Amino acid sequence: MPGRPIVVSGPSGTGKSTLLKRLFAEYPGKFGFSVSNTTRKPRPGEKDGVDYNFVSVDQFKQLVADGAFIEWAQFSGNYYGTTIAAVKKVSEGLKRTCVLDIDMQGVKSVKKTDLNARFVFVAPPSLEELKKRLEGRGTETAESLSKRLSAAEAELEFAKTGAHDKVIVNDNLESAYKELNEFIFA
Ligand SMILES: Nc1ncnc2c1ncn2[C@@H]1O[C@H](COP(=O)(O)OP(=O)(O)OP(=O)(O)O)[C@@H](O)[C@H]1O
C-alpha cells in the first residue's frame, strides 16, 4: 500500500534534494516523483509520460482553466506544471508514495486538493548558513542568490504559521535524515 503523498518544502539550498536523494537510494521502488506537464518539445530520447507529459499550449491552458494544476510556471517561453492527476498516478498507478518538492505556494495549493498529503519543512540552521550552502553549491549568480535568500525569508515566515506537520532543521545531515526517515515511516 503506498503511503499518503509527502510534500517536502523549504528554502532553496536547505538540503531537500540531498535528503531525498538519500531516501530514494535507501528504498528503491518505494517512492516516486510525479511526471510534470510541459509545452516544450521532447528532446531526443525523452519519452512522453515518463520524462514529461508533453502537451500543446492549448491543452496546457485548458488544464489551467480546469484547475488541474498544483503549481505551474513559465520558463523561457514554455509552460511547466504539476497536475493533481500526476500525483495520484504515482500512488494509484505505480503504487509508490509520491514525494513533492515544492515551494510555499505549492504547499498552499496542495492543501486545497483531496490529496491528503503530509507536509514536512526543511529549515536551514540559519540564513548565514543557507547563504554559505548556496555559495558552496556553485550554482548561483549574485542576483539569483539574493532572490533565493529573500524567498527563504518568506518560506521561514510561512513555516512559523504551523502549516507543516513536521519541521526539520538540517544542521547535521545524519540527524536531519534520521528525522525525515522517522517522519515518513511514522
Ligand atoms: N546538513 C548539511 N550540512 C552541510 N551542507 C549541506 C547539508 N545538507 C545539504 N548541504 C549542501 O547544501 C547545498 C544545497 O543542498 P541541496 O541542493 O540539497 O538543496 P535544495 O534544498 O534541494 O535546493 P533547491 O531547492 O535549490 O534544489 C548542497 O551543496 C549540499 O551538499
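None of these values were measured; they are calculated from a predicted model. The figures that follow rest on heavy atoms only: side chains count, while hydrogens, waters and symmetry mates do not.
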**Asked** In Å, rounded to the nearest 0.5 Å, how long is the span from CD1 of I6 to CD1 of I184?
**Response** 5.0 Å
**Interatomic distance, L180 atom CG to S175 atom OG [nearest 0.5 angstrom]** = 12.0 Å
**Asked** Can you name the nearest heavy-atom pair linking H164 to S9, along with the distance?
**Response** NE2-OG, 3.4 Å
**Request:** Taking K16 for its side chain and V122 for its backbone only, find out whether a donor-acceptor pair lies under 3.5 Å.
**Result:** no
**Message:** Is any side-chain heavy atom of Y177 closer than 4.5 Å to one of L23?
**Reply:** yes
**Request:** Would you mind reporting whether L127 and L156 have side-chain heavy atoms less than 4.5 Å apart?
**Result:** yes
**Request:** Identify the heavy atoms of T97 and R4 that sit nearest to each other, and give their distance.
**Result:** CG2-O, 3.4 Å
**Message:** Give me each pair satisfying side chain to side chain donor-acceptor pair (under 3.5 Å) with a member in residues 62-73, each pair once, sequence neighbours excluded.
**Reply:** Q62-D66
**Message:** When you group the ILVMFWY residues by side-chain heavy-atom contacts below 4.5 Å and let the links chain together, are F185 and V120 in the same group?
**Reply:** yes
**Asked** Heavy-atom distance under 4.5 Å between the side chains of K111 and K108, does that happen here?
**Response** no
**Request:** List the atom of A152, the atom of L130, and the distance in Å for their closest heavy-atom pair.
**Result:** CB-CD2, 3.5 Å
**Asked** Hey, any chance V90 and V99 share a hydrophobic cluster, counting ILVMFWY side chains that come within less than 4.5 Å of each other, even indirectly?
**Response** no
**Item:** Residues that, via side-chain heavy atoms closer than 4.5 angstrom, fall in one hydrophobic cluster with L94
**Value:** none
**Closest non-hydrogen atom pair, A176 against V169** = CB-O, 4.1 Å
**Request:** For residues S17 and R137, determine if any side-chain heavy atom of one lies less than 4.5 Å from a side-chain heavy atom of the other.
**Result:** no
**Item:** Side chains of T38 and F54 in contact at under 4.5 Å (non-hydrogen atoms)
**Value:** yes
**Message:** Give me each pair satisfying salt bridge (Lys or Arg N to Asp or Glu O under 4.0 Å) with a member in residues 46-63, each pair once, sequence neighbours excluded.
**Reply:** R40-E46
**Asked** Same hydrophobic cluster for L100 and V8, using side-chain heavy-atom links shorter than 4.5 Å among ILVMFWY?
**Response** no
**Message:** Please determine whether salt bridge (charged side-chain N to carboxylate O under 4.0 Å, His left out) holds for the pair E157 and K160, giving the CA-CA distance in whole Å, both sets of side-chain angles, and the decisive distance to 0.1 Å.
**Reply:** CA-CA 5 Å; E157 282 304 310; K160 285 187 198 156; 2.9 Å; yes
**Item:** Flag if over 12 foreign heavy atoms under 6.0 Å of NZ, K131
**Value:** no
**Message:** Do R133 and N170 make a side-chain contact, defined as non-hydrogen atoms from C-beta onward lying under 4.5 Å apart?
**Reply:** yes
**Asked** In chain order, what residues pass the salt bridge (Lys or Arg N to Asp or Glu O under 4.0 Å) check against R96, with sequence neighbours excluded?
**Response** none
**Message:** Determine whether a donor-acceptor pair (N or O, by modelled atom type, separation under 3.5 Å) exists between the side chain of S34 and the backbone of V87.
**Reply:** no
**Asked** Going by the angle between their ring planes, with limits at 30° and 60°, are F75 and Y80 parallel, tilted or perpendicular?
**Response** tilted
**Sequence-distant partners of K178, salt bridge (Lys or Arg N to Asp or Glu O under 4.0 Å), two or more places apart** = E182
**Asked** Can you tell me how far the CD1 atom of I168 sits from the CZ atom of F183, to the nearest 0.5 Å?
**Response** 7.5 Å
**Fill in**
Residue set satisfying salt bridge (Lys or Arg N to Asp or Glu O under 4.0 Å) with E92, at least two apart, ordered chain then number -> none
**Message:** When you compare the side chain of L134 with that of R148, does any pair of heavy atoms fall below 4.5 Å?
**Reply:** yes
**Request:** Test K147 against E140 for salt bridge (charged side-chain N to carboxylate O under 4.0 Å, His left out), laying out the working first.
**Result:** CA-CA 10 Å; K147 260 194 194 164; E140 309 308 316; over 6 Å; no
**Item:** Nearest atoms (heavy-atom pairs only) where A86 meets V35
**Value:** CB-O, 3.4 Å
**Asked** How close do V110 and A117 get, heavy atom to heavy atom, and via which atoms?
**Response** CG1-CB, 3.9 Å
**Message:** Run the side-chain contact (heavy atoms from CB on, under 4.5 Å) test on L19 and L173 for me, step by step, so that the C-alpha distance in whole Å, both residues' side-chain angles and the decisive distance to 0.1 Å come before the verdict.
**Reply:** CA-CA 8 Å; L19 289 163; L173 186 62; 3.8 Å; yes
**Request:** Answer with yes or no after comparing the ring centroid distance for Y79 and F69 against a 6.0 Å cut-off, counting only values under it.
**Result:** no
**Asked** About how many Å separate CZ of F158 and CG of D103, when rounded to the nearest 0.5 Å?
**Response** 9.5 Å
**Message:** Would you compute the distance between atom CZ of F121 and atom CE of M104 and round it to the nearest 0.5 angstrom?
**Reply:** 9.0 Å
**Request:** Applying side chain to side chain contact (heavy atoms under 4.5 Å, CB included) between K88 and each of T83, L115, T113, report the one that passes.
**Result:** L115
**Request:** Look up atom CD1 in I84 and atom CG in D114, then write down how far apart they are to the nearest 0.5 Å.
**Result:** 7.0 Å
**Item:** Within the 6.0 Å centroid threshold, strictly below: F33 and F24
**Value:** yes
**Prompt:** Do R22 and E26 meet the salt-bridge criterion of a basic N to acidic O distance under 4.0 Å?
**Reply:** no
